[in-house]
There are 2 protein chains.
Amino acid sequence: MATGRNHRPATRSRGIPEATVARLPLYLRALTALSERSVPTVSSEELATAAGVNSAKLRKDFSYLGSYGTRGVGYDVEYLVYQISRELGLTQDWPVVIVGIGNLGAALANYGGFASRGFRVAALIDADSSMTGKQVAGIAVQHVDDLETIIDTNGVSIGVITTPGGAAQQVCDRLVAAGVTSILNFAPTVLTVPEGVDVRKVDLSIELQILAFHEQRKAAEELAQEPPSAAGLPAASEGRRGDQGPDGDIPAVMPA
Amino acid sequence: MATGRNHRPATRSRGIPEATVARLPLYLRALTALSERSVPTVSSEELATAAGVNSAKLRKDFSYLGSYGTRGVGYDVEYLVYQISRELGLTQDWPVVIVGIGNLGAALANYGGFASRGFRVAALIDADSSMTGKQVAGIAVQHVDDLETIIDTNGVSIGVITTPGGAAQQVCDRLVAAGVTSILNFAPTVLTVPEGVDVRKVDLSIELQILAFHEQRKAAEELAQEPPSAAGLPAASEGRRGDQGPDGDIPAVMPA
DNA sequence: CCATCTTTGTGCACGCGTTCACAAAGACAT
DNA sequence: ATGTCTTTGTGAACGCGTGCACAAAGATGG
Ligand SMILES: NC(=O)c1ccc[n+]([C@@H]2O[C@H](COP(=O)([O-])OP(=O)(O)OC[C@H]3O[C@@H](n4cnc5c(N)ncnc54)[C@H](O)[C@@H]3O)[C@@H](O)[C@H]2O)c1
Ligand SMILES: NC(=O)c1ccc[n+]([C@@H]2O[C@H](COP(=O)([O-])OP(=O)(O)OC[C@H]3O[C@@H](n4cnc5c(N)ncnc54)[C@H](O)[C@@H]3O)[C@@H](O)[C@H]2O)c1
């Protein structure tokens with residue numbers, strides 16, 4: 001059941017909190033950039049700024065991994081890159097399949113950021129027979145009939161779903177039955193999966209709606225605070241300006 | 001500063017918790033589906049299942065909006081659709097610009113799910129002069145030189161960034177200076193914005209890394225629990241099977 | 001009008017995540 | 001060796017989010 005009644009604290013993956021896990025990739029990216037600039041060490045303060053988080057939070061996050069810093073100096077960049085990579089399981093290769101090679105699926109297939117970490121597009125799968133055999137991003141699209149074989153042959157455990165919403169659950173079921181235990185879902189559907197299977201979803205529409213909510217609230221707040229101060233300003237059709245509002249209160253960056 | 005030192009509780013947008021706001025689109029989607037099937041009313045239990053959440057959570061979420069249910073009956077679907085739409089600001093039209101019309105930008109432009117709610121692609125913007133004037137999803141791509149004019153003319157307050165990472169901050173700065181106060185960022189970059197501007201990010205790479213972490217953990221757990229029980233099973237090269245693991249503990253669905 | 005039954009709305013307790021603030025650790029200079 | 005200075009690692013407090021469990025509300029039937 002996707003409702004996910006969690007018996008256990010839900011996050012004792014070996015003591016590493018879920019929120020911390022979600023930030024590790026962020027740290028890793030910042031560290032990789034430093035590594036490329038041959039910076040040997042970095043303080044929690046510097047790294048936190050680069051990653052867009054609080055330095056205390058970063059230190060606590062790292063403390064779950066172990067004591068990898070040196071007091072008075074900071075963290076060794078290379079060493080930390082390795083430790084985080086290992087913790088995230090990026091030292092091994094992760095074959096990934098993308099199911100549904102339409103606009104979005106093709107874009108993902110073409111995305112270079114995949115291979116940069118341990119992820120490799122093992123196969124592209126689509127139900128449209130006229131797509132079969134066509135090259136997308138240098139990989140031949142295969143038919144969904146062969147899904148099970150493809151998963152098995154390549155030892156795939158991570159699947160990406162970019163089919164229309166209507167087909168998502170069905171595709172998900174087949175992926176899971178074939179052995180996939182992690183799914184990244186781009187379709188606007190609530191997937192139901194057995195226990196032990198992780199689903200993460202990316203939903204553009206939801207993100208926009210959340211932004212719209214705050215946008216509306218900002219507009220209302222501005223309107224509510226405007227009259228007392230400058231009441232007789234020219235009633236332009238567009239009252240919007242490039243300023244930063246009366247006082248922001250929403251954290252600008254949110255972990256996905 | 002994107003670090004977002006929050007003076008206020010960070011979420012008293014008028015009492016509606018941020019976590020609730022993030023779920024409203026989910027409820028709205030489920031309700032819309034019911035509406036299309038002409039279902040007049042729905043109980044919290046049914047709707048919660050459809051949205052993939054706990055029914056108590058759903059009721060509490062709705063309680064922030066007001067008392068829109070009828071005890072013993074449930075919620076009026078149409079009425080709730082309207083109330084949530086209004087709360088999210090979807091009763092008005094939101095012009096959106098997409099900056100960076102490459103693989104991903106083009107896919108988003110072609111995405112139908114945009115218009116379904118109040119979002120309208122007002123303009124497509126790219127820095128590549130050879131793209132200027134080209135039609136993508138029926139809309140002519142405009143040059144980034146005209147960004148400010150486009151924002152202003154169309155009264156755009158929401159921008160989507162799909163440029164390479166290196167250009168994202170620069171594009172963001174221009175969008176903000178031109179009056180955009182909400183940004184959806186697909187580039188793998190931590191954006192720094194002034195207070196009052198909301199940034200949400202969608203990061204495929206991070207999602208995959210989080211999945212990889214759990215995947216690795218599941219594999220380790222399986223290995224640690226296997227030996228005591230069935231030690232002498234055929235040492236196949238692939239020990240992975242389609243079962244549901246010893247015990248899942250991660251909530252399958254996570255709000256972005 | 002009353003009894004029963006369903007379903008909402010919420011008080012309450014609990015746990016996770018965040019942040020502060022500081023003691024301990026170690027580098028580095030003298 | 002000793003002192004100073006920087007920065008880590010973490011104890012503790014607090015606030016947000018979640019889920020249980022139940023009283024109140026209202027529908028429905030007799
Ligand atoms: N395009 C976007 O920017 C975007 C954004 C957010 C969400 N989404 C979602 O992503 C999904 C894909 O969007 P898109 O624009 O690429 O759509 P699309 O129609 O271009 O592509 C869908 C592809 O899936 C294939 N397909 C259909 N049923 C299948 C099945 N059972 N098995 C395998 N393949 C199947 C189709 O042949 C097609 O190639 C949709 O659910 C959409 O809502 C898209
Ligand atoms: N393609 C994906 O699936 C995917 C997935 C996750 C993240 N991303 C990220 O999304 C971004 C876009 O990815 P893509 O695959 O579409 O890349 P792309 O190279 O295909 O497209 C980038 C586009 O941005 C334009 N551009 C560059 N600088 C610009 C500027 N200053 N102003 C306006 N436009 C500019 C380029 O001309 C190009 O058309 C990247 O940051 C990438 O890391 C992509």
Side-chain angles (χ1 to χ4, degrees), chain A residues 1 3-13 15-24 26-27 40-49 51-77 79-80 83 249-251 253-255, chain B residues 1 3-13 15-24 26-27 40-49 51-77 79-80 83 249-251 253-255:
Chain A
M1 204 71 77
T3 310
R5 208 181 325 258
N6 24 325
H7 333 260
R8 312 275 191 88
T11 161
R12 62 74 256 215
S13 306
I16 303 187
E18 188 59 29
T20 295
V21 172
R23 279 189 294 268
L24 290 181
L26 226 51
Y27 302 145
T41 61
V42 65
S43 72
S44 64
E45 195 64 44
E46 292 170 311
L47 186 54
T49 302
V53 302
N54 183 298
S55 72
K57 195 187 294 187
L58 177 142
R59 285 198 301 275
K60 180 145 287 189
D61 283 342
F62 285 175
S63 78
Y64 293 114
L65 308 185
S67 285
Y68 295 148
T70 307
R71 296 174 190 224
V73 176
Y75 299 90
D76 183 282
V77 172
Y79 188 57
L80 207 45
Q83 288 299 341
D249 56 359
I250 308 295
V253 178
M254 289 201 56
Chain B
M1 207 70 74
T3 310
R5 209 185 320 259
N6 23 326
H7 334 257
R8 314 273 194 87
T11 163
R12 66 66 268 210
S13 306
I16 303 184
E18 188 60 27
T20 295
V21 173
R23 278 188 296 268
L24 290 181
L26 225 52
Y27 302 144
T41 61
V42 65
S43 73
S44 63
E45 197 64 43
E46 291 169 312
L47 186 54
T49 303
V53 302
N54 182 297
S55 72
K57 196 187 295 187
L58 179 143
R59 287 198 300 277
K60 182 148 289 191
D61 283 341
F62 285 175
S63 78
Y64 293 115
L65 309 185
S67 284
Y68 295 147
T70 306
R71 296 173 191 228
V73 176
Y75 299 90
D76 183 282
V77 172
Y79 187 58
L80 207 45
Q83 288 298 342
D249 56 358
I250 306 295
V253 178
M254 290 202 55

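Every chain is numbered from 1 and lettered A, B, ... according to where its sequence line falls, protein lines coming before strand lines.
Taking atom CZ of residue A/Arg23 and atom P of nucleotide C/dC16, one finds them 15 Å apart after rounding to whole Å. The nearest whole Å value for the distance from the CG atom in A/Asp61 to the P atom in D/dG9 is 12 Å. Between A/Phe62 atom CZ and C/dA25 atom P the separation is 22 Å, expressed in whole Å. Atom CG in A/Leu80 sits about 14 Å away from atom C1' in D/dG9, given to the nearest Å. Remark: P of C/dT10 and CG of B/Leu65 are 12 Å apart, rounded to the nearest angstrom.
Listed nucleotides: C/dT10, D/dG17, C/dG17. Nearest to the side chain of B/Ala19: D/dG17. Picking from C/dA27, D/dG9, D/dG17 the nucleotide with the shortest atom distance to the side chain of A/Val73 gives C/dA27. When the nucleotides C/dT19, D/dT10, D/dA27 are ranked by their closest atom to the side chain of A/Arg59, D/dT10 comes out on top. Of the candidates C/dC20, C/dT8, D/dA21, the closest approach to any side-chain atom of A/Asn54 belongs to C/dC20. Proximity note for A/Pro17 (side chain, C-beta onward) versus D/dA27, C/dG17, C/dT8: the nearest is C/dG17. The side chain of A/Lys57 approaches C/dT18 more closely than any other nucleotide in the set C/dT18, D/dT8, D/dG17.
Across the interface with DNA chain C, nearest-nucleotide mapping of A/Gly72 and B/Glu45 shows B/Glu45 to be the residue nearer the 5′ end.
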| request: Would you check, one step at a time, whether the test ring pair (Phe, Tyr, Trp, His ring centres under 6.0 Å) holds for A/Phe62 with A/Tyr68? | output: CA-CA 8 Å; A/Phe62 285 175; A/Tyr68 295 148; 8.4 Å; no
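When all heavy atoms are compared, the tightest approach of A/Gly15 to A/Tyr64 is O-CD2, 3.8 Å.
No side-chain heavy atom of B/Asp61 sits less than 4.5 Å from a side-chain heavy atom of B/Val53. Side chains of B/Tyr75 and B/Glu46 form no contact here, defined as non-hydrogen atoms less than 4.5 Å apart.
Within 4.0 Å (heavy atoms only), A/Tyr75 reaches sugar-phosphate atoms of the nucleic acid but no base atom.
One donor-acceptor pair, N or O on each side, does fall under 3.5 Å between the base of C/dT19 and the side chain of A/Lys60. In this model, no side-chain donor or acceptor of B/Arg71 finds a partner on the base of D/dA27 within 3.5 Å.
Distances shown here put a side-chain N or O of A/Ser44 below 4.0 Å from the OP1 or OP2 atom of D/dT8.
Sorted by first and then second residue, the salt bridge (Lys or Arg N to Asp or Glu O under 4.0 Å) pairs with a member in residues 65-74 of chain A form an empty list; sequence neighbours excluded.
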